[in-house]
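Let me begin by presenting the structure, written as structure tokens, before commenting on it.
The basis for the numbers below is simple: all heavy atoms, side chains too, and nothing from hydrogens, waters or symmetry mates.
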Amino acid sequence: MSTKEILTLQFGHYSNFVGTHWWNLQDLSFQYNSSIPSEINHDVLYREGRTNKGEVTFTPRLLLVDLKGSLGSLSEECDLYEPKIDPSKAQINWHNNQVQVQQVGPSHSKNQFQQDLNDPNKCVLEQSYDFEKTTKVWSDFLYSRFHPRTIETIKEYQYCNENTPFDAFPLGSALWKTSQFIDDFSDKIRSYIEECDHFQGFHFLTDCTNAFSGLSSSCLEFIRDEYDRKSVLVLPVIPSYFSDNLISNDNEKSQSLINDSVRVINLALGFNQFNTNSSLFVPLSVGCKGWRQPGPKRVFKNLEYDNKMAYHSSAILAAALDTFTLKHRLKSSAFTLSDLGADLTRSGRKAVAASINMPFPMKENSDLLECLDNYQEPLYHSITPNCDIGSRRLMQHITIRGIKEGQLKKPLDKAQKQRELPAYRANSIQEMMALYLAYTTDATANNVTVVQEALNVKSPFPQIFAKNIGKNGFISDHNRLSETRIDSIPLLAGLHSGSEIGEMLESLHTEARKIKINRFHQFAGGDIDRDDYEECLDNIFTLRENYEDSYLI
Amino acid sequence: MAISLLNPKAEVARAAQALAVNITAAKGISDVMKSNLGPKGTMKMLVSGAGDIKITKDGNVLLHEMQIQHPTASLIARASTAQDDMTGDGTTSTVLVIGELLKQADIYIAEGLHPRILTEGFDKARVKALEVLEKIKIPVEINKEILTDVCKTSLRTKLHQNLADLLTDVCVDAVLAIRQPDKPVDLHMIELMEMQHKTETDTQLVKGLVLDHGSRHPDMPKSLKNCYILTCNVSMEYEKSEVNSGFFYKTAEEREKLVSAEREFIEQRVKKVVELKKSLCNGTDKTFVVINQKGIDPMSLDMLAKEGIIALRRAKRRNMERLALACGGIAMNSFDDLQESHLGRAGHVYEHVLGENKYTFVEDCKVPQSVTILMKGPNKHTLLQIKDAVRDGLRAINNTIEDKAVIPGGGAFEVTANKELLAYKDEIKGKARLGVAAYAEALLVIPKTLAVNSGFDAQDTIVKLQEEARLNPEPIGLDLTSGEPINPKDSGIYDNYVVKKQIMNSCSIIASNLLLVDEIMRAGMSSLKG
């Protein structure tokens, strides 16, 4: 089966948090010297390369964009291909060596984890690092290594600088028109695609509450022009927490209100563009609400996480992302991104919701049949803001991973009561899940993908699991010892298209409609006037109407 | 004040205080840039938080890289980099002159002069300075010599002399190659290609095109002579045109069958190219190269490779235009009715592999109207430095061609303008003349800084220059090796007319605006509530 390559693009700091976790998860799942070849075709998202010295590299086929000063101790060139040059030894061809050394921005030293990564004598996977305390930017917990062309930093705007906020959609679209993006960045995209034999499309991870919404929208438009027949899966991510929502006085309160409005405008403008130019888009957040403010965090039964910490919330999104994209990354399947689009976006329903069940709540030494038989709650929990996925009239793709076929049901001699259940006749996990979904859903098209490999959650993945989760990710009767690290977990994730998404779009439309765009100079000054905004809102409303009838299937 | 009523939290700096803020910022930023001016200025090595290094003495690059926090400073920085966007040079000078104008103004304002009157003087002085500029500009015939002088003057301020001289030749030859009589030069038709190996002095001009990719088939030839070049924008990869939802098909095979006929369609396209190749090349020593902006999948590559054709996919959009200019022919959007006249010609097409990167050279073109500057260097920061310099060099040459004139360099314009302005001052009635005096004095910052950076005493040099300028009707500049006055024409030191003009205009306007600020406030957007 020929590999159908995908190029991943990440726009913005929170996207990069999610992305970093995602690449870490994938890197950790690589099986070197294993007799069982992986089910996953890593060539879809990774590329093989060669350094000038002839060493073979395997790096993500990835381009990421972030603001200047947001990389921490990570070098822009990613010292994989060339060792970093010591500034004191750099040779400079200049009269009498009149060279002034100037430090730009604060110096960042590598944290313990990054130091240990470079130390061949240490194995970081088994260690615990206090990432909750040491993580300031995403590169602090980056395990993967990147190709030198991967990172693009925006010089015009600095990370966490109040004087140059990169907060409004038009700033991003204007930035795309500069030579750095329209010439250099688009050329990097071309270089990656030139290498591919059967290029199928793009994964777009993008922040959508700030100006990255505008930048990625423009980039998407460019891709539609240049690579018209390739699919694009857009994954707008919304952080679960904004520090300016924590207010202590009136002044901050009004500022926070304004920021919230700006974020809603960016979201609306972004969604409008994603709808026009993507194959499908899946908004992701662990906040329940998403618009204006992320709202209370989604509660998952067996997870204990801090939604104020990007390091935690992005890990959950990355786990979902890694799982629901498996279907088009398997060696055994010819399924592609365009098939995914065809399945889920009938009658223009381009917005799609995602869900997760993490870890999949199966007891140790139990089996899937028993687990499902006793299952009371919904099988999946939405991670799309303002959208609770029901069980009626859906088109959905479910991926379950980490449960071995041997864990399907009790063997015949021990089955006892289980034999009376109709599901006992199911001979594979695929079959059993399909059966379960057929019983629990109504007028729904289900598609189940089963992957044997569990999700590898070794360091640097956060330990956010409830105490009763065992080392292998299954629920145990006893609490695990505090020093035990969980290696892997079974996981279920899904993509869903149904009327609930219409409600999500309606709520966004309602929020966005309340805002008077003319009061926000950032937008009016950047060529977005009231008419444009009205049009954008109308488009969102039209998209919402696509979800209205219920004649599906 | 209205704003403090509306928003009591707003931070406000008023009148003298506001001015002080602006002046300090302007001085601050010009102090940072000062040491870089001219061919003897210091090189700066910028080290980022993660230890990445960047080496430059180009003001424009510096301003982009430095993390400027102060709002006034970043305003000056933005104005100065805008200067670079327009003309390709003069960033450092702009910053220095703005800083000096404010510094001079500060003296008068401290004595009680109203900023408004000063700015009136500035404006008069600016008009006069532009007259002087007009007077001393030297109209030139465009030839290699003058372009070399201008380009050299610009590049020597950015790179070591040896490298600057080498790049000057490369840049001048490149522009002359693509220049067509009576048409503006399109610098985009000079491709800048980087190759990280060897040393910077291996940088060269390729009279043809270098592409940063190669063929993707092991059996394709690595080198061909006497080639036809087919430039096209036609997809040669098979893609399903219509995808149906998988919910309604039982097996993958069933779906594949529906679309298998489409493969045939692409094959037909490739066959058209193969047929043309056969009819033109078979039996002769001619060969065939396909350069496609769209994709070519392995099956199509295979068909082409069997015919000994080199095929490149996903070429840059701009290279389509460049190829047509370099080799002749037309970029094709369809293969219907493909003819020999659509094709370009090149004497030699070959591949060069460097690590994981492949380069394809399209050389020996008859009259290439698009060329490539192939930049080499041992590491990223050297390449970047060369790239910035080459861009500026090309702009300097192009400016000269457009201006059809040059200005004597080495501070000659500033010294002359200073002399004329001081004479002009006496013609002006009222206090505005003080503004003219300040302006005249401020211009001297350029020769002064040049002198200091070359290790000479600023006052000594200025006195010498002014004396010589009084005696000599010709514009007098500074010789940076001896510290003595010279006629820059004799040493071939020329600057761009348009650059100086821009500097004069933008400096006066920005300095005036900053002087007229009497209130700086930092207020949130809270007032939007109202």
Side-chain angles (χ1 to χ4, degrees), chain A residues 2 49-52 54 68-69 71-77 82 84-85 87 90 92-95 98-108 155 158 161 163-164 187 190-191 193-195 197-199 226 229 251 254-255 258 333-335 338-339 341-343 346 395 445 447 519-521, chain B residues 9 35 39-55 57 64-67 69 71 74 159-163 196-197 200 212-213 216 235 237 239-241 243-247 252 255-256 295 297-298 313-314 316-317 354-356 379-382 524-526 528-529:
Chain A
S2 53
R50 190 177 290 273
T51 66
N52 286 351
K68 186 172 183 170
L71 294 183
S73 62
L74 180 68
S75 159
E76 261 178 69
E77 299 292 337
E82 278 176 77
K84 205 185 274 181
I85 295 166
I92 300 165
N93 185 3
W94 192 243
H95 310 283
Q98 284 182 321
V99 178
Q100 233 176 313
V101 179
Q102 196 161 352
Q103 181 79 36
V104 185
S107 169
H108 300 276
K155 302 254 177 335
Q158 288 157 29
N161 180 346
N163 288 329
T164 59
D187 202 44
R190 183 192 64 83
S191 300
I193 296 175
E194 194 271 331
E195 296 169 349
D197 277 339
H198 303 280
F199 185 73
E226 201 79 350
R229 298 176 76 185
N251 203 25
S254 57
Q255 187 59 48
I258 289 162
S333 137
F335 193 80
S338 66
D339 296 325
D343 283 356
R346 279 163 46 89
M395 300 285 245
N447 182 312
R519 291 199 177 168
F520 295 86
H521 63 94
Chain B
K9 295 275 170 17
S35 61
K40 295 279 173 80
T42 52
M43 195 59 94
K44 274 199 169 56
M45 172 153 66
L46 303 174
V47 183
S48 82
D52 287 325
I53 60 175
K54 183 150 196 174
I55 292 163
K57 70 188 281 301
H64 272 124
E65 292 293 327
M66 285 191 304
Q67 306 196 346
Q69 301 276 357
S74 81
L159 297 169
H160 190 268
Q161 192 169 331
N162 302 348
L163 184 56
Q196 189 175 337
H197 83 153
E200 49 269 42
D212 59 0
H213 50 124
R216 291 279 171 193
S235 172
E237 68 182 341
E239 276 166 296
K240 283 185 270 185
S241 61
V243 192
N244 296 299
S245 169
F247 287 122
R255 300 166 67 198
E256 288 301 309
D297 65 15
R313 65 188 179 203
R314 302 270 174 214
K316 264 188 227 178
R317 178 181 282 220
L354 206 65
E356 63 177 25
N379 46 41
K380 266 265 148 53
H381 63 258
T382 314
M525 290 178 288
S526 317
L528 287 165
K529 270 191 309 176

Backbone N/O of Glu65(B) and side chain of Lys68(A): donor-acceptor pair under 3.5 Å: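 Here the side-chain-to-backbone pair exists.
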With a 4.5 angstrom heavy-atom cut-off, which part of [X] approaches chain A: side chain, backbone, both or neither?
| X | answer |
| --- | --- |
| Ile55(B) | side chain |
| Asp212(B) | side chain |
| Glu200(B) | side chain |
| Ser35(B) | side chain |
| His381(B) | side chain |

Full working for side chain to side chain contact (heavy atoms under 4.5 Å, CB included) between Arg216(B) and Glu195(A): CA-CA 8 Å; Arg216(B) 291 279 171 193; Glu195(A) 296 169 349; 3.6 Å; yes
Could you tell me if the side chain of [Y] sits less than 4.5 Å from the side chain of [X], heavy atoms only?
| X | Y | result |
| --- | --- | --- |
| Thr51(A) | Glu356(B) | no |
| Pro298(B) | His198(A) | yes |
| Thr42(B) | Val99(A) | no |

Greatest number of heavy atom pairs closer than 4.5 Å to chain B - which of Gln158(A), His108(A), Glu194(A):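 The answer is Glu194(A).
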Pairwise distance [atom1]([X]) to [atom2]([Y]) - rounded to 0.5 angstrom:
| X | Y | atom1 | atom2 | value |
| --- | --- | --- | --- | --- |
| Glu237(B) | Asp197(A) | CD | CG | 9.5 Å |
| Lys54(B) | Glu76(A) | NZ | CD | 8.0 Å |
| His64(B) | Lys155(A) | NE2 | NZ | 9.5 Å |
| Glu226(A) | Arg317(B) | CD | CZ | 4.0 Å |
| Arg190(A) | Arg313(B) | CZ | CZ | 11.5 Å |

Distance-minimising heavy-atom pair for Val104(A) and Met66(B):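 Closest heavy-atom pair between Val104(A) and Met66(B): CG1-CA, 4.2 Å.
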Salt-bridge present (Arg314(B), Asp187(A); N to O < 4.0 Å):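 So Arg314(B) does not pair with Asp187(A) through a salt bridge.
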For Glu77(A), all residues meeting side chain to side chain contact (heavy atoms under 4.5 Å, CB included), sequence neighbours excluded: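 Partners of Glu77(A) by the side chain to side chain contact (heavy atoms under 4.5 Å, CB included) criterion, ordered by chain and then number, come out as Ser75(A), Pro148(A), Lys380(B).
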Set of residues satisfying ring-ring contact (aromatic ring centres under 6.0 Å, His included) with respect to His160(B), sequence neighbours excluded: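 Applying ring-ring contact (aromatic ring centres under 6.0 Å, His included) to His160(B) gives His95(A).
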Interface moiety of Leu74(A) toward chain B, non-hydrogen atoms closer than 4.5 Å: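 For Leu74(A), the contact with chain B is made by the backbone alone.
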Options Asp52(B), Ile53(B), Thr382(B), ranked by heavy-atom pairs under 4.5 Å with chain A, top entry: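 Maximum pair count with chain A is reached by Asp52(B).
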